[in-house]
Amino acid sequence: MAYSVPTLLLSSMEQNNVRHRCCKPQEEDRLGALTDDILLSILGSVDLATAARTSALSTRWRSLPWLLPELNLHVRDFLPVPCPDYPVAAALRIFFYSKIPAQHINQAMASLTRAARSFLRTKHSGTVTKMSLEIYLVGNYSHDIGPLVRDVIDNGTVRELDLTIADDKDFRCKHADMLQKARVVDGFFSTYPNVLPCLTRLHLYNLRFAEGDMLHRTLFDCCKQLQHLSLDHCDTGDGSVWQIDAPSSGLRVLELRYSYLKRLEVRCLPKLELLRWEVWLHNETPLHFGSVPCLKELFLLCGADIDHPGFSLSQLLDGATDIHTLTLNFQGEKLWIQPESRQLRAAFSKLRKLSIYGIYVEFDLLWTINLLEAAPTVEVFEVEAFEHPCSVPFWARVGLQRVQPSWKTPGFTSCSKWQLRELHFGSFSPLVGHHMLFVREVMGRAPKLETVLLMENEEPCKKCKAMGALPTPVGGMFPRSKDEQEAIAKQLRDKRIVSSSSAAKIVFKSIASTVVF
């Protein structure tokens with residue numbers, strides 16, 4: 001049976017209290033022998049509600065929760081009934097927050113407010129240098145939480161604030177509701193203006209700012225310490241263009257999800273290192289870069305409609321020539337980038353890791369070699385096939401066919417310059433002919449290749465499981481027996497098929513085991 005950290009912690013302390021009552025005084029209390037620093041480290045790994053409960057179990061621990069250097073006040077930790085596991089994937093959290101009943105939200109916010117009042121108004125010698133606050137702006141709770149946060153910032157107790165303003169709706173939230181929620185959030189920041197300069201991380205949901213200037217002023221002109229900004233279903237209007245020109249900003253991470261923006265123009269963000277955009281809803285080029293000298297990682301995920309014309313990746317990346325990690329995820333749909341190769345060389349000049357995910361399982365893969373041709377500096381190349389029976393688009397259900405990539409295979413004129421050392425293939429299906437052909441081509445063309453990692457598809461997603469009996473995968477089952485894997489390794493190394501010999505090791509990673517040949 002698995003136990004959570006809070007359960008083990010409380011159980012251990014209760015056992016120690018029993019020993020104290022039943023054993024000789026000189027017998028050692030193992031937890032009591034630990035230093036305050038170690039005990040605070042233990043408390044820092046659990047939620048605030050559990051930390052507060054420990055203060056009632058031991059005289060030694062009575063004041064420890066009030067000495068924590070980092071305070072986590074998360075509404076999810078105060079829910080009256082157990083809630084599904086908090087999603088690791090940030091894109092799923094909007095659904096987590098929206099599924100909590102309104103009554104439970106009110107009860108959790110009331111409990112969180114009491115805990116905040118107890119912790120933040122208790123005098124102690126320590127300093128909570130950082131606070132992570134996750135709240136709903138419902139009812140009058142903002143008027144209770146706001147003054148507490150304002151006061152601890154004013155007196156210097158809290159110097160860094162990580163703020164999440166959750167919402168009770170998912171991305172199907174209506175236009176009028178988004179405008180109202182934006183006014184509520186703007187009102188909160190206007191009432192407690194000292195919160196903005198203290199923010200280091202901010203996560204917002206379902207906001208539509210009536211004016212782009214208001215969003216820019218709030219997030220960049222006032223948030224001097226802001227380093228990480230996540231906006232889920234937030235914009236300045238359907239089909240609007242959001243321009244960011246913030247030469248004084250220290251923002252390092254910008255994340256957008258489910259956005260109705262037609263385009264994001266990053267004119268100046270001098271410290272930006274990572275930009276992640278998951279799902280845009282217009283067919284035009286979604287991004288334009290101006291001055292982003294520190295941008296090193298770009299992640300783009302979207303499933304395109306069948307009539308999506310595609311856009312030029314080289315034009316999108318114009319102005320961002322220092323990227324070393326690029327991830328493109330097509331979610332099993334039509335490719336939303338136009339055929340290119342040499343045009344990408346300037347943007348790919350410093351690329352070290354290239355990941356192409358969500359390629360429909362029956363699509364040809366040789367087109368991806370165009371990208372390798374443009375990026376001989378790539379050392380790790382990842383591809384992942386997509387096969388989800390639960391994800392069948394409307395146009396496929398009415399009989400239309402998926403659009404195969406129309407890229408021409410390049411002539412491989414510069415393969416001797418390839419720096420490729422690792423090829424990772426997710427959801428590898430050996431019975432799909434073009435999967436085997438693709439791996440052979442890369443093995444035969446990459447002289448410095450050291451590892452080929454062939455991976456089984458992960459467990460079916462929740463929606464696929466809900467369908468009941470799933471159809472047999474297009475490419476058959478992943479080879480799990482050592483004999484099957486050895487036979488495939490021999491085929492991939494067959495000198496009669498592969499144009500040049502490769503010394504790369506071939507690794508089969510299934511759900512159950514990892515085998516190297």
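Residue numbers run from 1 in the order of the sequence given.
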Item to check | Working for ring-ring contact (aromatic ring centres under 6.0 Å, His included), residues F95 and F171 | outcome: CA-CA 8 Å; F95 303 106; F171 62 86; 5.6 Å; yes

How close do [X] and [Y] get, counting heavy atoms only, and between which atoms?
X    : Y    : value
F428 : M436 : CZ-SD, 3.6 Å
A320 : F289 : CB-CD1, 3.9 Å
S341 : A374 : O-CB, 3.0 Å
A182 : L207 : N-CD2, 3.6 Å
S259 : C234 : OG-O, 3.8 Å
M178 : D235 : CE-OD2, 4.0 Å

What I'd like to find out is whether the side chain of [X] reaches to under 4.5 Å of the side chain of [Y], using heavy atoms alone.
X    : Y    : answer
T218 : D186 : yes
Y205 : K181 : no
D322 : L295 : no
R480 : I511 : yes
N206 : I94  : yes
S230 : R257 : yes
L219 : L251 : no
P309 : N283 : yes

Given 3.5 Å as the limit, does a donor-acceptor pair link the side chain of [X] with the main chain of [Y], or not?
X    : Y    : result
K334 : H308 : yes
W242 : L261 : no
Q485 : P479 : yes
H434 : L366 : no
T236 : F209 : no
S429 : V432 : no
R76  : A108 : no
E384 : G426 : no
Q338 : G310 : yes
D305 : D307 : no

Which word best sums up how the rings of [X] and [Y] line up, parallel for under 30°, tilted for 30 to 60°, or perpendicular for over 60°?
X    : Y    : answer
W277 : W280 : perpendicular
W367 : F330 : perpendicular
H282 : Y260 : perpendicular

Going from [atom1] on [X] to [atom2] on [Y], what distance comes out if it is rounded to the nearest 0.5 angstrom?
X    : Y    : atom1 : atom2 : answer
L229 : T200 : CG    : OG1   : 11.5 Å
T285 : L264 : OG1   : CG    : 12.5 Å
N457 : S510 : CG    : OG    : 12.5 Å
S240 : R263 : OG    : CZ    : 10.0 Å
E284 : F311 : CD    : CZ    : 11.0 Å
L371 : I337 : CG    : CD1   : 5.5 Å

Going by distance alone, is a donor N or O of one side chain under 3.5 Å from an acceptor N or O of the other, for [X] and [Y]?
X    : Y    : answer
H233 : D170 : no
R208 : H175 : yes
Q419 : E379 : no
S314 : E340 : yes
E255 : H228 : yes

Checklist entry - In terms of heavy-atom contacts, does CG of D85 have more than 12 from other residues, nucleotides or ligands at under 6.0 Å? => result no

Next on the checklist: Apply side-chain contact (heavy atoms from CB on, under 4.5 Å) to residues E333 and F386 and explain how you reach the verdict.
Outcome noted: CA-CA 9 Å; E333 305 295 346; F386 181 99; over 6 Å; no

Checklist entry - So does E273 pair up with K296, basic N to acidic O under 4.0 Å? => result no

Checklist entry - Is it true that E441 and R445 have a side-chain N and a carboxylate O under 4.0 angstrom from each other? => result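 The answer is yes: the pair qualifies as a salt bridge.
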
Next on the checklist: R276 vs E297, test: side-chain contact (heavy atoms from CB on, under 4.5 Å). Steps then yes/no.
Outcome noted: CA-CA 8 Å; R276 185 183 186 99; E297 187 170 353; 6.0 Å; no

Which residues satisfy the side-chain hydrogen bond (donor to acceptor under 3.5 Å, both in side chains) test with [X], sequence neighbours excluded?
X    : value
D245 : none
R421 : none
Y97  : Y86, E134

Checklist entry - Sequence neighbours excluded, which residues qualify as side chain to side chain contact (heavy atoms under 4.5 Å, CB included) partners of F188? => result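 Counting only residues at least two positions away or on another chain, F188 forms a side chain to side chain contact (heavy atoms under 4.5 Å, CB included) with L137, S142, Y192.
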
Checklist entry - Sequence neighbours excluded, which residues qualify as side chain to side chain contact (heavy atoms under 4.5 Å, CB included) partners of S355? => result T327, K353, Y357, E382

Item to check | Non-neighbouring partners of R201 that pass salt bridge (Lys or Arg N to Asp or Glu O under 4.0 Å), sequence neighbours left out | outcome: none

Checklist entry - Given V361 and H435, is the side-chain contact (heavy atoms from CB on, under 4.5 Å) satisfied, shown in steps? => result CA-CA 9 Å; V361 64; H435 284 197; 4.1 Å; yes

Checklist entry - Is the distance between the ring centroids of F508 and F517 under 6.0 Å? => result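 Close enough - the centres of the two rings lie under 6.0 Å apart.
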
Checklist entry - Under the side-chain contact (heavy atoms from CB on, under 4.5 Å) criterion, do S249 and K271 qualify, and how do the steps go? => result CA-CA 7 Å; S249 172; K271 300 294 181 64; over 6 Å; no

Checklist entry - Per the side-chain contact (heavy atoms from CB on, under 4.5 Å) rule, which among V516, V515, L454 passes with I506? => result L454

